[in-house]
Amino acid sequence: MDSVRGTETPKDPNKGYIALLGWSVNAIKAAQQFDRRYVVVAPEWAEDFCTANKIPFIAWDFIRLNDRSMEIAEKLKEEGVDVAIPLFEETVEWSGAINSVLMDSPRMYGQSILFRDKALMKRRAQLGGIRVGIFEEAHEKEDVVRFMKRVNQTLLKLDGDPDDPIHVKAFDKAGCLGHRMIRTMEEIEHIPDEEYPLLMESHLDGWEFAVEAWIHDGKIQFLNISEYVTLGYSVFVPATRELESWRDAITKQIEKLIKTFDIQFGLIHPEYFVTADGEMYFGEVAYRPPGFKAFELIERAYGFNAYQASMVVFDPKSTKEEVANFFPREVVDAKGYAGCFGVYPRRRVVSKLEMPKETTEHPYFDSHELVAPTEETVPDRSAFGTHWGLVFFFGDDPIKMRDLLKAQEDLDFYV
């Protein structure tokens, strides 16, 4: 890494000192190539790597919550750190707690709870006049049965009509983890007891998309729209002209979100639905980098480093001029379209990784991070499941990109 090769960018003492919460090699590389001091706060298993690579490091167990939890905030304050940046869902609450100490702003911890608890988040959105579907918490199976019956009764379903599906989600996990679509009463039996309590939501028919918005001084500095091809499988940036035509309406929604959640700085990653009649519904919002390597896709499309972008907007010592100069213009400054596809084995038994020619010989194919299987039997997918790795593409036509990503669903990568 740059820290070992002696090529690390010199650090400016007049700019902020940043703590990166969680382990991300790409975030560390970005920090090394940037002009701000940084320290990595990660579990103990990262210590040897950090020592070998001369990376400033503080060990911390994010799973442990006890009377010593304040220690990390005090340690970072003594160290002179200005701000803590969460890199994963599990560190969002920690960053809120730490920043409330570093910035002497107790409300920041409460705000981070809203970003973590999906039910509280939706209630706050409702209070701000933001459209959400019907939702409730479930503590046991009977709650889910009752909710599904009530939703379908509200939709005036008659006996014999197919039920409208509902969604159940973990309260505080990232992305698709613990997310299930329930189409029949029988499927409720398949939810393991350990997944309760959970959030239940009505199904929204519409075009789902995500946004990455960097905020400084309470204002949007850069807004990217990520277009999902199939949720949980594929995404690309920037979006097609069709989705980009909603940019003004989307921007207004994000401004409403910023006001409702009182966000002054940082990166947010909300998800929305646009319904057939043009209404926009709020899904959820995260206060950390998105999954599916969206930061890397944004860098491939635009050329700026999205981790460094977060450091700029989080840093209380950043000037308005520096922030404004950091970001390119949305859409028009993109060099092309960057997409990725999450691979799930389609067979029950696999023996090797075999990249399909339709993928590798396509002019848009960029790279992949798939590895050979470690076991032959493919485990059953729980809920939406976890992909086995990503395949990356880059090209100049968003429609070709969308069709290419969709076509990957019919190919076998593991045989």
Side-chain angles (χ1 to χ4, degrees), residues 21-22 61-66 69-70 72-73 84-101 105-141 143-144 146-147 166-182 191-204 208 210-211 213 215 253-254 256-273 281-291 383-384:
L21 301 190
D61 178 6
F62 294 110
I63 306 300
R64 188 188 66 196
L65 273 174
N66 58 23
S69 296
M70 188 71 173
I72 186 65
I85 301 179
L87 297 177
F88 294 97
E89 185 66 27
E90 292 72 18
T91 62
V92 169
E93 227 167 304
W94 285 97
S95 73
I98 291 166
N99 288 332
S100 67
V101 172
S105 173
R107 288 172 65 87
M108 293 193 74
Y109 178 59
Q111 185 192 49
S112 71
I113 302 288
L114 292 177
F115 290 126
R116 286 285 282 142
D117 185 313
K118 290 191 170 88
L120 280 178
M121 178 195 298
K122 294 218 166 202
R123 286 200 176 85
R124 182 62 180 251
Q126 266 187 329
L127 287 171
I130 295 168
R131 280 176 173 266
V132 299
I134 304 168
F135 65 94
E136 273 181 34
E137 294 106 324
H139 295 274
E140 56 190 7
K141 217 161 277 183
D143 294 339
V144 187
R146 203 176 304 117
F147 180 75
I166 63 167
H167 295 258
V168 298
K169 292 177 178 177
F171 269 138
D172 57 1
K173 288 193 172 71
C176 292
L177 289 173
H179 179 181
R180 299 166 184 269
M181 189 191 276
I182 306 291
I191 304 171
D193 289 342
E194 61 269 16
E195 289 194 13
Y196 291 94
L198 46 79
L199 180 77
M200 306 175 287
E201 300 174 316
S202 56
H203 176 68
L204 291 170
E208 189 172 3
V211 171
I215 297 154
Q253 287 294 324
I254 301 301
K256 194 183 264 193
L257 198 64
I258 290 168
K259 187 179 174 187
T260 300
F261 284 80
D262 191 24
I263 304 164
Q264 289 304 307
F265 61 85
L267 162 95
I268 58 169
H269 165 59
E271 293 180 331
Y272 286 88
F273 295 86
Y281 282 83
F282 170 74
E284 58 192 59
V285 59
Y287 195 67
R288 42 89 187 149
F384 270 64

Under-4.0 Å salt bridge between Lys118 and Glu201: no
Gln111 side chain to Asp262 backbone, donor-acceptor under 3.5 Å: yes
So CE of Met200 and CD of Glu137: to nearest 0.5 Å the spacing works out to 8.0 Å
Keeping Asn99 on the side-chain end and Ser95 on the backbone end, is there a donor-acceptor pair under 3.5 Å? yes
CZ of Phe147 to OG of Ser202, rounded to nearest 0.5 Å, is 5.5 Å
State, to 0.1 Å, how close Pro86 and Pro289 come at their nearest heavy-atom pair, and which atoms those are. O-CD, 3.4 Å
Separation of Ile85 CD1 from Thr91 OG1 (nearest 0.5 Å): 10.5 Å
Are side-chain heavy atoms of Met121 and Val285 found at a separation under 4.5 Å? yes
Where is the tightest heavy-atom contact between Ala138 and Val144, given as atom of each residue plus distance? CB-CG2, 3.9 Å
Between Glu195 and Arg180, does any NZ, NE, NH1 or NH2 come within less than 4.0 Å of an OD or OE carboxylate oxygen? yes
Nearest-0.5 Å distance that lies between atom CD in Glu136 and atom CG in Asp143: 8.0 Å
Find the distance between CG (Leu114) and CD1 (Ile263) and round it off to the nearest 0.5 Å. 9.5 Å
Looking at Val132 and Gln126, what are the two nearest heavy atoms and their distance? CG2-CG, 3.4 Å
Show your working on side chain to side chain contact (heavy atoms under 4.5 Å, CB included) between Ile215 and Gln264 and close with a plain yes or no. CA-CA 7 Å; Ile215 297 154; Gln264 289 304 307; over 6 Å; no
Contact summary for Glu93 and Arg116, nearest pair of heavy atoms: OE1-NE, 3.4 Å
Where do Phe265 and Met108 come nearest, in terms of heavy atoms and distance? CZ-CE, 3.3 Å
Under the criterion ring pair (Phe, Tyr, Trp, His ring centres under 6.0 Å), I'd like the reasoning laid out for Phe261 against Tyr287: C-alpha separation, chi angles, the key distance, then a yes or no. CA-CA 11 Å; Phe261 284 80; Tyr287 195 67; over 10 Å; no
Using a 4.5 Å cut-off on heavy atoms from C-beta on, say whether the side chain of Arg131 contacts that of Phe282. no
Does the side chain of Phe135 come within less than 4.5 Å of Ile166's, by heavy atoms? no
Nearest 0.5 Å please: distance from the CG atom of Leu127 over to the NZ atom of Lys122. 14.0 Å
Minimum side-chain heavy-atom gap Val168-Tyr196 below 4.5 Å: no
Trp94 side chain vs Leu21 backbone, donor-acceptor pair below 3.5 Å: no
Counting neighbours of NZ on Lys141 that are heavy atoms of other residues, nucleotides or ligands and sit closer than 6.0 Å, is the number greater than 12? yes
Judged by atom type as modelled, is there a donor-acceptor pair below 3.5 Å linking the side chain of Ser69 to the main-chain atoms of Leu65? no
State, yes or no, whether a side-chain contact exists between Arg124 and Thr260 at a heavy-atom distance under 4.5 Å. yes
